[in-house]
Amino acid sequence: MSVLSSSSSSRTLKIGILGFGTFGQFLAKTMIKQGHILHATSRTDHSQLCHQMGISFFRDLGAFLEADNDVILICTSILSLSEVLKSLPLNFLKRPRLIADVLSVKEHPRNLLLQVLPAEMDVLCTHPMFGPESGKDSWKDLTFVFDRVRIRDEETCSSFLQIFEKEGCKMLEMSCEEHDKLAAKSQLLTHIIGRVLSEMEIQSTPMNTRGFETLIQLKESTLKNSLDLFNGLFIHNKFAMKELENLQFALEKVKQRLLQRMEKTCLNESKH
Ligand code: NAP
């Protein structure tokens, strides 16, 4: 794992966003602000929004791939990636490109991209550890994880990474496997607890403590993410099941300790 800080020069990029949902739109705003030229395609017709944002929207995948993008940035859901990649008419690409992704799991896209893409295409796997809520005002000091899986065109890769460096992100280079291990212990756990709190239907009370306010915030911020994202975090991270089991085990342990203590207390009280 290494923290990167680079001052090399960057150039204007033509970036094709594949999957123009919540997160694709969020990233696009900053890329446009920095002067990059954007193209987009998606399952849903986002042409009106793209028009307002100054982005060319392509309904046709072939035309999107022909649009001479320096970088194709995959922002589709984790669960749809395999289907989306299979549907790409890669013969429409004119020259080797950088293919980057932002999926919240990393081994799954890396494996699929290496399987599906021709060997001459560069692959950069990334995960911005923030979203439309946490990054709405600024990306400063927010973490950007990346793995340079297969890079020959250093200049394009570096220009792409500098989009995030320029915004003040903390750039963290690590392997896809290392990412997934840490993400299961941190991000996935956060999402699971948020979903559990939602199942419990926790509500604000007139006497909230600060701690309880934090739980309500966690529930609300978790529910802003799609269920597809949550399911994808679990299904496509090989470390996820272990963490879910750890959580269940810990909850059971806490319960057992409380019950033992209660039994002891009752016994003592009945003696007096
Ligand atoms: P999401 O529900 O994970 O993904 C929505 C995107 O996936 C939309 O572009 C949607 O296309 C596309 N999609 C879903 N099912 C599809 C299918 N069957 N075929 C083709 N496209 C399909 O929500 P998201 O928040 O926008 O996340 C997008 C990606 O960014 C995910 O991989 C996620 O892990 C990653 N990410 C998200 C965040 C975040 O805070 N939200 C942060 C870091 C990384 P349409 O819009 O055309 O329907």
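Note that ligands are numbered from 1 as they come in the structure, with each ligand's atoms numbered from 1 the same way.
- Interface atoms of ligand 1 facing Gly131, defined by a heavy-atom separation under 4.0 Å, are 40 (O).
- When the heavy atoms of Ser104, Pro128, Ser80 are ranked by distance to atom 17 (C) of ligand 1, first place goes to Ser80.
- Between the side chains of Gln48 and Gln52, no donor-acceptor pair is found at a separation under 3.5 Å.
- For ligand 1 and Phe20, the ligand atoms under 4.0 Å from any heavy atom of the residue are 9 (O).
- Of the protein's heavy atoms, Thr76 O, 3.3 Å lies nearest to atom 31 (C) of ligand 1.
- Using a 4.0 Å cutoff on heavy atoms, Phe26 does not count as a contact of ligand 1.
- Of all the listed residues (Gly135, Cys75, Ser77), Ser77 holds the heavy atom that lies closest to atom 12 (C) of ligand 1.
- Between Leu227, Asp45, Asn225, Asn231, it is Asn225 that holds the heavy atom closest to atom 41 (N) of ligand 1.
- Residue Leu103 has no nitrogen or oxygen atom sitting less than 3.5 Å from a nitrogen or oxygen atom of ligand 1, judged on distance alone.
- Those atoms of ligand 1 that come under 4.0 Å of a heavy atom in Ile78, given as number and element, are 32 (O), 34 (O).
- Taking 4.0 Å as the cut-off between side-chain N and carboxylate O, Lys106 and Asp180 do not count as a salt-bridged pair.
- Contact between Gly232 and ligand 1 is absent, with no heavy atom of the residue lying under 4.0 Å from the ligand.
- At least one heavy atom of His127 sits less than 4.0 Å from an atom of ligand 1.
- Residues His191 and Thr222 come closest through the heavy atom pair O-CG2, 3.5 Å.
- Near Gly21, the atoms of ligand 1 lying under 4.0 angstrom from a non-hydrogen atom of the residue are 8 (C), 9 (O), 26 (O), 46 (O).
- There is a side-chain donor-acceptor pair under 3.5 Å between Asn208 and Thr205.
- Using a non-hydrogen distance threshold of 4.0 Å, Met129 does not register as a contact of ligand 1.
- Residue-to-ligand polar distances keep Asp228 apart from ligand 1: every N/O pair is separated by 3.5 Å or more.
- Nearest residue to atom 44 (C) of ligand 1 from Val102, Thr41, Val105, Leu233 is Val102 (criterion: closest heavy atom).
- Counting atoms of ligand 1 from 1 in the listed order, those under 4.0 Å from a heavy atom of Pro132 are 40 (O).
- Each of the atoms 1 (P), 2 (O), 3 (O), 23 (O) of ligand 1 lies under 4.0 Å from some heavy atom of Ser226.
- Neither side chain, Arg210 nor Thr214, offers a donor N or O lying under 3.5 Å from an acceptor on the other.
- In this structure, Leu142 and Ser138 approach most closely via the heavy-atom pair CD1-O, 3.4 Å.
- Counted by atom type alone, Gln162 and Gln34 present zero donor-acceptor pairs between their side chains at under 3.5 Å.
- For the pair Ile55/Phe20, a side-chain contact is recorded, criterion being any heavy-atom separation below 4.5 Å from C-beta on.
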